Enquirer: 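Sharing a structure, written as structure tokens. Questions coming.
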Amino acid sequence: MAGDVYERVMDLARRRGFVWPTSEAYGAVAGFIDYGPLGAMMKRRIEDTWRGFFVVREGFYEIECPTIGQEAIYVASGHVKGFTDKMFQCSHCGEYLRADHVVEGGGHCEHAAALDEESLARELSTLPCPACNETIGDVRVFGFSLMFQTSIGPGSQRTGYLRPETAQGIFTDFSRLLRFYRDKLPFGATQIGKSYRNEISPRQGMIRLREFTQAEAEIFVHPAKKEHPNFARYADYRMPLLGYPAQLAGTPAVEMTMATAVETGTVANEYVAYYLALTHEFLTRVGVAPERLRFRQHLPDERAHYAEDCWDAECLSDRFGWVETVGIADRTDYDLRAHAGHSGEPFTVFIQYAEPVRRRETRVIPRMGALGPRFRGAAKQVADGIAATDPGIASSGDGFSIEVDGASIEITPDLFDVREIEVEIQGEEVMPHVIEPSYGIDRILYSVLEHSFDEEEVEGENRTVLRLSPAIAPIQVAVFPLMSRDGMDRFAQEVVGELKRDGLMAEYDDSGAIGRRYRRQDEIGTPFAVTVDYDSLEDGTVTLRDRDSMRQVRLPRSGLARTCSALCAGRLRFDDLE
RNA sequence: GCGAUAGUAGUCUAGUGGUAGGACAGGGGCUUCCCAAGCCUCUAACUCGGGUUCGAAUCCCGGCUAUCGCACCA
């Protein structure tokens, strides 16, 4: 069999309708794919499994925001500025290059990334082009945005961007979500949907797409309370962690429990540790091979400056090596602070103290009765100025002066009192921190395909089998009449109907020899096959065949649907039937 | 994006200027048929657009896609 595993997996995916190049009728476009019938079904099942973890179990409701966002969102998030590479084209060789990289490489400037486009062009003019070695000369440095830009409404008055991540929709709905969750921390929201990045050169099949599906959770927590309320669930969960000190030292990942990971400081806090473990459980549940899964901590210089801790779940691919499939980051209050600053909305939660804090404070109290007649319309401003004055200065007894509208006003002691009063503080406004597990669904789906892909020899013949978990297999049960005659075909059609009525994805096939039909289903990962034979017509039993072991058991037709449902849900193992 | 290489049924492949051929897969049929058996039969392709030529899958140019190297990957 020619080609590496990637080639064989993608060949199968194309042939059998999992993943297709997009719009082939007009020639495909790199960075975009179509999911075929089986791929779309499998993707939906992965997403539904994800919902089972995050929406049902964690209780983080799913929301759905537009894929097009107005410019202000992405100005605030930093994507308009930070998502742009400054590039130029060499006039001699036509090569497109990163302007800041070339300037830094020239050794003239250490902080080229901070320079504006004109300064970069000036620096570049005397440097040799790294591609062709000619002196660059006059060039135009331009920003290449990884965001797809569009315009909203006619006349392009308003710039819009296709979202580069689903997260911002959750952040911009923060106040609504806070009210929905009745003003308490922690809470979380999730979103599954398409995101878009105009990659310069997407060349790794479905690993780097220009349009891809993300499943993200944004969990808002109190910045001083990063103990997860359900941490006990995963405290003893063991998994391999590759922290950054180990990476720098070149030592392998260390298997440890989440409790140990937090105690030793390997993982920053319980929240991050909890979602590392949950992610491990999720990925292995949908079919990522545990021995081809690791969790790698970002190195300090690869981590975004605002992130307190960041880990990637990486799946091992035969061709691509370790592929990032999930990112789990403590993003602190970076996003909310950015949106608060740009929008003017507070983005905070009022946290009431268990006991109000009482404090004696010295205050400067304006005497409004005296201020009003003297200052008339300006009295309010003057009073505010008085109240804001340091009590120490005010209590000297000689009066003081304040500035109102640029004019200095003398405040004599008859205009105010200095008094000690007791104040009661009920609580404080807190800007939550965000814990963000962010899943790349397409990469997960590919990893599962690759990890499930198997070829084995059965009685001298090659058997290709996708060992997909019944939970995500597109077709769950195949039903075959041994021969399409003598009523076996009608019997089998009825069985299909019974299985479908129980919500199972069942498929009927009477074409070709029985062995061929088993192989067809093996190749698309169908975990179970029911065969109707002559005995079925006699005694109403059928055989149920297990994909992985190829073993069969004979079962009565009644109750078959219930058995298959239990097998697919993982409540029952095939071994238990034997 | 730059450079190199490639592109023939769903898949693999033959075809070097003159009728596109095979294998497997797929459809229909036959065969008391439980792991890709056999027999008959059918469907089905020159990546797209220009050019050269009486005539192009074949030669030339360009686009697209794929693979590899470089660059890129917030």
Side-chain angles (χ1 to χ4, degrees), chain A residues 1-4 6-8 10-12 14-17 20-32 36 74 77-90 92-98 100-102 105 113 129-132 143-147 164-165 197-205 207-210 302-305 319 323-324 456-465 478 480-486 488 509-523 529-537 542-547 549-552 554:
Chain A
M1 188 67 69
D4 62 8
Y6 170 82
E7 253 171 87
R8 280 177 280 158
M10 290 311 285
D11 175 59
L12 188 155
R14 261 194 310 276
R15 269 189 298 109
R16 301 307 308 271
W20 291 325
T22 190
S23 60
E24 272 186 298
Y26 292 97
V29 184
F32 297 94
Y74 296 104
S77 70
H79 285 94
V80 167
K81 210 176 186 137
F83 221 58
T84 305
D85 292 333
K86 291 194 177 72
M87 302 191 75
F88 71 97
Q89 185 178 25
C90 173
H92 307 288
C93 62
E95 184 76 79
Y96 284 93
L97 294 153
R98 280 280 294 268
D100 49 337
H101 287 192
V102 173
C129 167
C132 67
F144 177 80
S145 175
L146 272 331
M147 282 197 294
E165 59 178 20
R197 295 177 193 180
N198 201 1
E199 298 284 356
I200 295 168
S201 137
R203 275 218 292 190
Q204 294 153 32
I207 300 295
R208 256 178 81 206
L209 294 169
R210 287 180 166 135
E302 115 188 76
R303 192 161 65 204
H305 61 276
R319 173 179 289 204
V323 175
E324 174 196 345
E456 62 180 14
E457 199 160 286
V458 177
E459 291 167 23
E461 295 281 351
N462 203 56
R463 180 170 93 119
T464 301
V465 49
F480 311 140
L482 190 58
M483 283 168 286
S484 49
R485 55 148 77 160
D486 300 333
M488 281 183 273
D509 186 5
D510 63 6
S511 162
I514 189 80
R516 178 182 297 277
R517 285 177 261 164
Y518 285 136
R519 290 294 187 274
R520 274 201 281 255
Q521 296 297 331
D522 288 342
E523 200 180 40
V530 171
T531 302
V532 174
D533 55 16
Y534 281 107
D535 290 348
S536 310
L537 304 177
V542 295
T543 61
L544 181 67
R545 176 230 193 215
D546 175 55
R547 175 196 65 206
S549 64
M550 293 169 46
R551 289 201 303 265
Q552 286 178 296
R554 188 163 277 280

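So that the names make sense, note that chain A is the first sequence line, chain B the second, and so on, each numbered from 1. Worth saying up front: this structure is predicted, and the values here are computed from it rather than measured.
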Enquirer: Closest approach of A:Tyr6 and A:Gly205, non-hydrogen atoms and distance?
Expert: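 Heavy atoms of A:Tyr6 and A:Gly205 come nearest at OH-CA, 3.2 Å.
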Enquirer: Sort out the partner of B:C68 for me: Watson-Crick or G-U wobble, both distances under 3.5 Å, none otherwise.
Expert: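 Partner of B:C68: B:G3.
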Enquirer: Could you give me the CA-CA distance, side-chain angles and deciding distance for A:Arg319 and A:Gln204, then say whether side chain to side chain contact (heavy atoms under 4.5 Å, CB included) is met?
Expert: CA-CA 10 Å; A:Arg319 173 179 289 204; A:Gln204 294 153 32; over 6 Å; no
Enquirer: What is the distance, to the nearest angstrom, from the CG atom on A:Leu146 to the P atom on B:G1?
Expert: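 Nearest whole value for this atom pair: 14 Å.
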Enquirer: B:C24 C1' sits how many Å from A:Arg519 CZ, rounded?
Expert: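 Atom CZ in A:Arg519 sits about 16 Å away from atom C1' in B:C24.
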Enquirer: Give none if B:C35 has no partner; otherwise give the nucleotide forming a Watson-Crick or G-U wobble pair with it, both distances under 3.5 Å.
Expert: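 Check on B:C35: unpaired, no WC or wobble geometry under 3.5 Å.
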Enquirer: Work out how far the P atom of B:A6 is from that of B:A44, and round it to whole angstrom.
Expert: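 The answer is 31 Å between these two P atoms.
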Enquirer: Just wondering, are more than 12 heavy atoms of other shown residues or ligands nearer than 6.0 Å to CD in A:Glu456?
Expert: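 Yes.
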Enquirer: May I ask you to verify whether the side chain of A:Tyr518 and the base of B:C34 hold a donor-acceptor pair under 3.5 Å?
Expert: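 Indeed there is one.
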Enquirer: Between B:C24 and B:A36, how many Å separate the two P atoms, rounded to a whole number?
Expert: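 So the two P atoms sit 15 Å from each other.
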Enquirer: Is A:Arg319 touching bases, backbone alone, or none of the nucleic acid, heavy atoms closer than 4.0 Å?
Expert: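 Here A:Arg319 touches the backbone only, sparing every base.
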Enquirer: Does the B:C34 base have a donor-acceptor partner in the side chain of A:Arg517 within less than 3.5 Å?
Expert: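 No, no donor-acceptor pair under 3.5 Å.
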Enquirer: For A:Arg516 and B:A25, give me the distance from atom CZ to atom P, rounded to whole Å.
Expert: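 From A:Arg516 CZ to B:A25 P: 5 Å.
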Enquirer: What is the distance, to the nearest angstrom, from the CE atom on A:Met483 to the P atom on B:C35?
Expert: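 Taking atom P of B:C35 as the reference, CE of A:Met483 is at 13 Å.
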Enquirer: Rounded to whole Å, how long is the line connecting atom CD of A:Glu199 with atom P of B:C72?
Expert: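 Rounded to whole Å, this separation is 13 Å.
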Enquirer: Closer than 4.0 Å, any side-chain N/O of A:Arg203 to the OP1 or OP2 of B:G1?
Expert: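 Checking B:G1 against A:Arg203, no side-chain N or O comes under 4.0 Å of OP1 or OP2.
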Enquirer: Check the distance between B:C34's P and A:Asp522's CG and give it to me in whole angstrom.
Expert: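 My rounded result for the distance is 17 Å.
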Enquirer: Roughly how far apart, to the nearest Å, are B:C35 and B:A9 at atom P?
Expert: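 Approximately 34 Å lies between the P atom of B:C35 and that of B:A9.
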Enquirer: Answer yes or no: side-chain N or O of A:Gln552 and base N or O of B:C34 forming a donor-acceptor pair under 3.5 Å.
Expert: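 Such a pair is found, so the answer is yes.
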Enquirer: For B:G55 versus B:G62, give the span between their P atoms, rounded off to a whole number of Å.
Expert: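 It works out to 23 Å between them.
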Enquirer: Rounded to the Å, how far apart are A:Asp486 CG and B:C30 P?
Expert: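 Interatomic distance, CG of A:Asp486 to P of B:C30: 12 Å.
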Enquirer: Is the shortest side-chain N/O distance from A:Ser511 to OP1 or OP2 of B:G27 below 4.0 Å?
Expert: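 Yes, A:Ser511 has a side-chain N/O under 4.0 Å of OP1/OP2 on B:G27.
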Enquirer: Taking only residues two or more places apart in sequence, or in another chain, which ones meet A:Arg203 in a side chain to side chain contact (heavy atoms under 4.5 Å, CB included)?
Expert: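 Result, side chain to side chain contact (heavy atoms under 4.5 Å, CB included) vs A:Arg203: A:Ser201.
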Enquirer: Heavy-atom distance under 4.5 Å between the side chains of A:Ser23 and A:Phe32, does that happen here?
Expert: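 A:Ser23 vs A:Phe32: side chains apart.
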Enquirer: Identify the nucleotide, in any strand shown, that forms a Watson-Crick or G-U wobble pair with B:G10, with both distances under 3.5 Å; if there is none, say none.
Expert: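 When the pairing criteria are applied, B:C24 turns out to be the nucleotide that pairs with B:G10.
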Enquirer: Does A:Arg520 have any side chain to side chain contact (heavy atoms under 4.5 Å, CB included) partners at least two apart in sequence or in another chain, and if so, which?
Expert: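 With neighbours one apart ignored, the set is A:Arg16, A:Asp509, A:Ser511, A:Arg516, A:Arg517.
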Enquirer: Check this for me: does the side-chain of A:Arg520 come within 3.5 Å of the base of B:G26 through a donor and an acceptor?
Expert: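 No, the side chain and the base share no sub-3.5 Å donor-acceptor pair.
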Enquirer: With a 3.5 Å limit on both atom pairs, tell me what B:G18 is paired to, counting Watson-Crick and G-U wobble, or say none.
Expert: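 B:C54 - that is the nucleotide pairing with B:G18, both distances being under 3.5 Å.
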Enquirer: For A:Ala513, answer base if it contacts any base atom (sugar-phosphate contacts may also be present), sugar-phosphate if it contacts only those atoms, and nothing otherwise; contact means non-hydrogen atoms under 4.0 Å.
Expert: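 Result for A:Ala513 = base.
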Enquirer: Between B:C61 and B:U5, how far apart are the two P atoms, rounded to whole Å?
Expert: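 Each nucleotide's P atom is 11 Å from the other's.
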Enquirer: Which one is paired to B:U47, where only Watson-Crick or G-U wobble pairs with both distances under 3.5 angstrom count?
Expert: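 Paired with B:U47, as far as the under-3.5 Å criterion goes, is B:G63.
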Enquirer: Take atom CZ of A:Arg208 and atom P of B:C73, then tell me their distance rounded to the nearest Å.
Expert: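 Atom-to-atom, A:Arg208 to B:C73, this comes out as 9 Å.
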Enquirer: Take A:Glu461 and A:Arg519, measure what salt bridge (Lys or Arg N to Asp or Glu O under 4.0 Å) needs, and give me the verdict at the end.
Expert: CA-CA 11 Å; A:Glu461 295 281 351; A:Arg519 290 294 187 274; over 6 Å; no
Enquirer: Mind checking A:Asp533 for me? I need base, sugar-phosphate or nothing, with any heavy atom below 4.0 Å counting as a touch.
Expert: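 Base contact.
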Enquirer: Between B:A57 and B:C2, how far apart are the C1' atoms? Round to whole Å, please.
Expert: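 Roughly 29 Å separates the two C1' atoms.
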